[in-house]
**Student:** 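Once you've had a glance at the structure underneath, I'll fire off some questions.
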Amino acid sequence: RKDILLKSLKRTHELFVGNVGAKLEEDPEITKYKRTIKINDEYAPHKDNQVLINDNQRNKILKNLGVLKPAKPEKNEEIKTTEPAKTEEEKHAQAKEKKEAKNLSLVSILSNAEKPVMIRPRKEVKPVWHRPWKLMRVISGHQGWVRCLATDPMNQYFVSGSNDRTIKFWDLASGQLKITLTGHINTVRGLVVSSRHPYLFSCGEDKSVICWDLEQNKIVRKYHGHLSGVYCIAFHPTLDIIATGGRDATARIWDIRTKSNVHTLGGHNDTVGSILTQGVEPQIITGSYDTTVKFWDLGTGKCMQTLTQHKKGIRSMVAHHEEYTFASAGADKVRVWKCPDGQPLRNIAGHNAIINSMSLNNDNVLVTAADNGSMYFWDWASGYNFQQMKSVPQPGSLSCESGIFASTFDRSSLRLITGECDK
């Protein structure tokens, strides 16, 4: 009963006291005890390196270092203008004290430190002016979401893949439908047109990777090996190989002629959502929904490095056409990396949405397209957002069907093509 009474009195005092928000006075002994505990906890490992000196030697050392300022003389005291000549023993002792000052413990210096910390000024890159972009034409023809896009190396047509399991070829100048290919039995998720062969490579959620002959418009090869849907595909710029990544958390390297699986790159813990190939190391770069980016050695098929700075899944990556860099995009932000060591260069933040696609043209205009139908245009060097656009659903579509799943520039870098949710 006594404990209950005391608790009740305490609660009553807290309710009706006049200075509830006032700061309580600290007990000096408790404050000193807390400070001693904190110092011992922080600097206990450095006690062995501490130099044991008396107060006079410590003050002299701190004065020589410029940490402790000399005391000002009083008015009644006479200021000495001349100093007596130092003997060789005093000079030797002073040099010894300066040498010992280098080994002075961190606790002794921090107790009397008064110098401000010098911060290096951040180098700012001025943004380059870019022309504004506007909508030119809307092309409709698919019966489902447009999930992937690819352009012709000769800049005459572009290709689109959709949820309706078809691949359509469109004239780049007029936007007219040229031909429709059917062969997948599920959603087409990736397309790439070869720059050295008359081939088109496609992948889809039906676990298949297909090679199409564009001269005869028919299937010539199929690559089997993925255990689940294939979400991304890339063609090597110098070798006759393709790289694919899928929902089975692996990336696979294929020989396009023999159809053999050269390497199976396993190491991710979730879906491989994007893949890059380049002629220099690292030749294979994969981004996954497990928030990591991995560099792979094409000769041995082993992981060279793993980048873990992203906090959300990575859905798109793009390589720079001149610099030895690439960018990766997730739901958190866009990060720019330097090859071959994966050094982080800068972050491009501000597009607060799930970024499904990212494209870069020859004028250093970076475009990020998101799940909510928003498009942000950035200057590559400075990361400045110079334009924002919002996709408008087409007549007959719901207001929520404005997501952008794919985007790509044509070879002239003057036209941007986007594949969206409203067909």
**Student:** Does the side-chain contact (heavy atoms from CB on, under 4.5 Å) test come out yes or no for Met375 and Leu416, once each step is laid out?
**Tutor:** CA-CA 11 Å; Met375 277 194 304; Leu416 173 66; 4.2 Å; yes
**Student:** Atom CG of residue position Leu214 - does it have more than 12 heavy atoms of other residues, nucleotides or ligands inside 6.0 Å?
**Tutor:**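 Check passes, neighbour count above 12.
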**Student:** State, yes or no, whether a side-chain contact exists between Arg196 and Asp240 at a heavy-atom distance under 4.5 Å.
**Tutor:**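 SC-SC contact between Arg196 and Asp240 confirmed.
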**Student:** Begin with the C-alpha distance, continue with both residues' side-chain angles, and end with the deciding distance and a verdict on side-chain contact (heavy atoms from CB on, under 4.5 Å) for Val334 and Trp378.
**Tutor:** CA-CA 11 Å; Val334 179; Trp378 312 83; 5.7 Å; no
**Student:** Could you report the tightest heavy-atom contact between Ala406 and Cys148, atom names first, then the distance?
**Tutor:**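 So the minimum-distance heavy-atom pair works out to CB-CA, 3.8 Å.
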**Student:** With respect to His268, which candidate in Thr250, Thr292, Thr306, Asp248 satisfies the side-chain hydrogen bond (donor to acceptor under 3.5 Å, both in side chains) definition?
**Tutor:**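 Of the listed residues Thr250, Thr292, Thr306, Asp248, the side-chain hydrogen bond (donor to acceptor under 3.5 Å, both in side chains) partner of His268 is Thr292.
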**Student:** To the nearest 0.5 Å, tell me how far Ile210 CD1 sits from His184 NE2.
**Tutor:**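 Ile210 atom CD1 to His184 atom NE2 measures 3.5 Å (nearest 0.5 Å).
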**Student:** Is the backbone N or O of Phe377 less than 3.5 Å from a side-chain atom of Asn385, with the two atoms forming a donor-acceptor pair by type?
**Tutor:**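 Judged by distance alone, yes, a pair lies under 3.5 Å.
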**Student:** Take Met358 and Leu366, measure what side-chain contact (heavy atoms from CB on, under 4.5 Å) needs, and give me the verdict at the end.
**Tutor:** CA-CA 7 Å; Met358 187 167 50; Leu366 179 69; 3.5 Å; yes
**Student:** Where does the angle between the aromatic ring planes of His351 and Tyr376 fall among parallel (under 30°), tilted (30 to 60°) and perpendicular (over 60°)?
**Tutor:**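 His351 and Tyr376: parallel rings.
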**Student:** With rounding to the nearest 0.5 Å, note down the distance linking OG in Ser208 to NE2 in His224.
**Tutor:**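 If we round to the nearest 0.5 Å, Ser208:OG and His224:NE2 are 7.5 Å apart.
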**Student:** Does the side chain of Val392 reach to within under 4.5 Å of the side chain of Leu135, using non-hydrogen atoms?
**Tutor:**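 Result no, sub-4.5 Å side-chain heavy-atom pair not found.
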**Student:** Heavy-atom distance under 4.5 Å between the side chains of Met317 and Val293, does that happen here?
**Tutor:**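 Contact flag for Met317/Val293 side chains = yes.
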**Student:** Has Met136 got more than 12 heavy atoms of other residues, nucleotides or ligands less than 6.0 Å from its CE?
**Tutor:**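 Atom CE in Met136 is packed in, count exceeds 12.
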**Student:** Could you check whether any side-chain heavy atom of Arg335 comes within less than 4.5 Å of a side-chain heavy atom of Leu307, counting everything from C-beta outward?
**Tutor:**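 Side-chain contact under 4.5 Å: no.
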**Student:** Distance alone, cut at 3.5 Å: any donor-acceptor contact between the side chains of Thr271 and Arg247?
**Tutor:**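 Per modelled atom types, Thr271 and Arg247 side chains form no pair under 3.5 Å.
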**Student:** Just verifying a value: how many Å separate Trp145 CH2 and Asp164 CG, rounded to the nearest 0.5 Å?
**Tutor:**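 Separation between the atoms: 13.0 Å.
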**Student:** So for atom NZ, which belongs to Lys312, do other residues, nucleotides or ligands contribute more than 12 heavy atoms lying within a distance under 6.0 Å?
**Tutor:**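 Check fails, neighbour count at 12 or below.
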**Student:** Evaluate the criterion side-chain contact (heavy atoms from CB on, under 4.5 Å) for residue pair Ile253 and Trp296; output intermediate values, then yes/no.
**Tutor:** CA-CA 11 Å; Ile253 311 299; Trp296 302 90; over 6 Å; no
**Student:** Supply the atom-to-atom distance Arg221 CZ to Ile219 CD1, rounded to the nearest 0.5 angstrom.
**Tutor:**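 Nearest 0.5 Å value for the CZ-CD1 distance: 12.5 Å.
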**Student:** Ser413 and side-chain hydrogen bond (donor to acceptor under 3.5 Å, both in side chains): which partner among Asn364, Asn361, Asn362?
**Tutor:**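 The passing option is Asn362.
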**Student:** Does some side-chain heavy atom of Pro340 sit less than 4.5 Å from a side-chain heavy atom of Val280?
**Tutor:**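 Side-chain contact under 4.5 Å: no.
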**Student:** Would the number of heavy atoms belonging to other residues, nucleotides or ligands and lying under 6.0 Å from CZ of Arg131 be above 12?
**Tutor:**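 No, not enclosed.
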**Student:** Identify which one of Asp371, Asn356, Ile355 satisfies the side-chain contact (heavy atoms from CB on, under 4.5 Å) criterion when paired with Arg315.
**Tutor:**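 So the option named by the test is Asn356.
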**Student:** Would you say that more than 12 heavy atoms from the other residues, nucleotides or ligands in this model lie under 6.0 Å from the NZ of Lys390, or not?
**Tutor:**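 Atom NZ in Lys390 is crowded, with more than 12 foreign heavy atoms closer than 6.0 Å.
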**Student:** Does Tyr324 have more than 12 heavy atoms from other residues, nucleotides or ligands lying within 6.0 Å of its OH?
**Tutor:**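 Above 12, so yes.
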**Student:** On the 0 to 90° scale, with breaks at 30° and 60°, tag the Trp380-His320 ring pair as parallel, tilted or perpendicular.
**Tutor:**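 It falls in the tilted class, 30° to 60°.
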**Student:** At their closest point, which heavy atom of Ser195 faces which heavy atom of Pro153, and how far apart are they?
**Tutor:**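 Closest heavy-atom pair between Ser195 and Pro153: CA-CG, 3.9 Å.
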**Student:** Counting N and O atoms only, with roles assigned by atom type, does the side chain of Glu29 sit under 3.5 Å from a partner on the main chain of Tyr33, one being a donor and the other an acceptor?
**Tutor:**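 No; zero donor-acceptor contacts below 3.5 Å.
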**Student:** Mind listing the closest non-hydrogen atom pair of Ala319 and Leu276 along with its distance?
**Tutor:**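 Heavy-atom minimum between the residues: N-CD1, 4.0 Å.
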**Student:** Do side-chain atoms of Ser402 reach the backbone of Ser391 as a donor and acceptor pair under 3.5 angstrom?
**Tutor:**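 No, the answer is negative, given that no donor and acceptor are paired below the 3.5 Å cut-off.
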**Student:** For Thr291 and Gly313, which heavy atoms make the closest approach, and how far apart are they?
**Tutor:**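 So the minimum-distance heavy-atom pair works out to CG2-N, 3.8 Å.
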**Student:** When you measure from the side chain of Arg252 to the backbone N and O of Gly225, does any donor-acceptor pair fall under 3.5 Å?
**Tutor:**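 Pair found, side chain donor or acceptor close to backbone of Gly225.
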**Student:** Check the angle between the aromatic planes of Tyr231 and Tyr289 and answer parallel, tilted or perpendicular using the 30° and 60° thresholds.
**Tutor:**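 If you compare the ring of Tyr231 with that of Tyr289, the planes turn out tilted.
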**Student:** Where is the tightest heavy-atom contact between Ile241 and Phe235, given as atom of each residue plus distance?
**Tutor:**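 The pair with the smallest heavy-atom distance is O-CD1, 3.9 Å.
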**Student:** Under a 4.5 Å cut-off applied to non-hydrogen side-chain atoms, are Trp170 and Ser160 in contact?
**Tutor:**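 SC-SC contact between Trp170 and Ser160 confirmed.
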**Student:** Should the heavy atoms of other residues, nucleotides or ligands under 6.0 Å from CZ of Arg415 be counted, would the total exceed 12?
**Tutor:**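 Counting other residues, nucleotides and ligands, CZ of Arg415 exceeds 12 neighbours.
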**Student:** Can you tell me how far the OG1 atom of Thr368 sits from the CD1 atom of Ile348, to the nearest 0.5 Å?
**Tutor:**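 Output value for this atom pair is 8.5 Å.
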**Student:** Do the side-chain N and O atoms of Ser407 and Ser359 include a donor-acceptor pair separated by under 3.5 angstrom?
**Tutor:**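 The answer is yes; a qualifying pair exists.
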**Student:** Report yes or no: do His130 and Asp363 form a side-chain donor-acceptor pair below 3.5 Å?
**Tutor:**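 No - no donor-acceptor pair under 3.5 Å links their side chains.
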**Student:** If every non-hydrogen atom of Gln309 is compared with every non-hydrogen atom of Pro344, which pair is closest and at what distance?
**Tutor:**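 Looking at all heavy atoms of both residues, the shortest contact is NE2-CG, 4.4 Å.
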**Student:** Would the number of heavy atoms belonging to other residues, nucleotides or ligands and lying under 6.0 Å from OH of Tyr384 be above 12?
**Tutor:**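 No, the 6.0 Å shell around OH holds no more than 12 heavy atoms from other groups.
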**Student:** Nearest 0.5 angstrom please: Leu200 CG to Phe169 CZ, how far?
**Tutor:**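 Rounded to the nearest 0.5 Å, the CG-CZ separation comes to 5.0 Å.
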**Student:** Determine whether Arg257 and His197 make a side-chain contact, defined as any pair of heavy atoms from C-beta on separated by less than 4.5 Å.
**Tutor:**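 Arg257 reaches His197 side chain to side chain.
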**Student:** Is the closest side-chain heavy-atom distance between Val365 and Trp133 below 4.5 Å?
**Tutor:**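 Contact flag for Val365/Trp133 side chains = yes.
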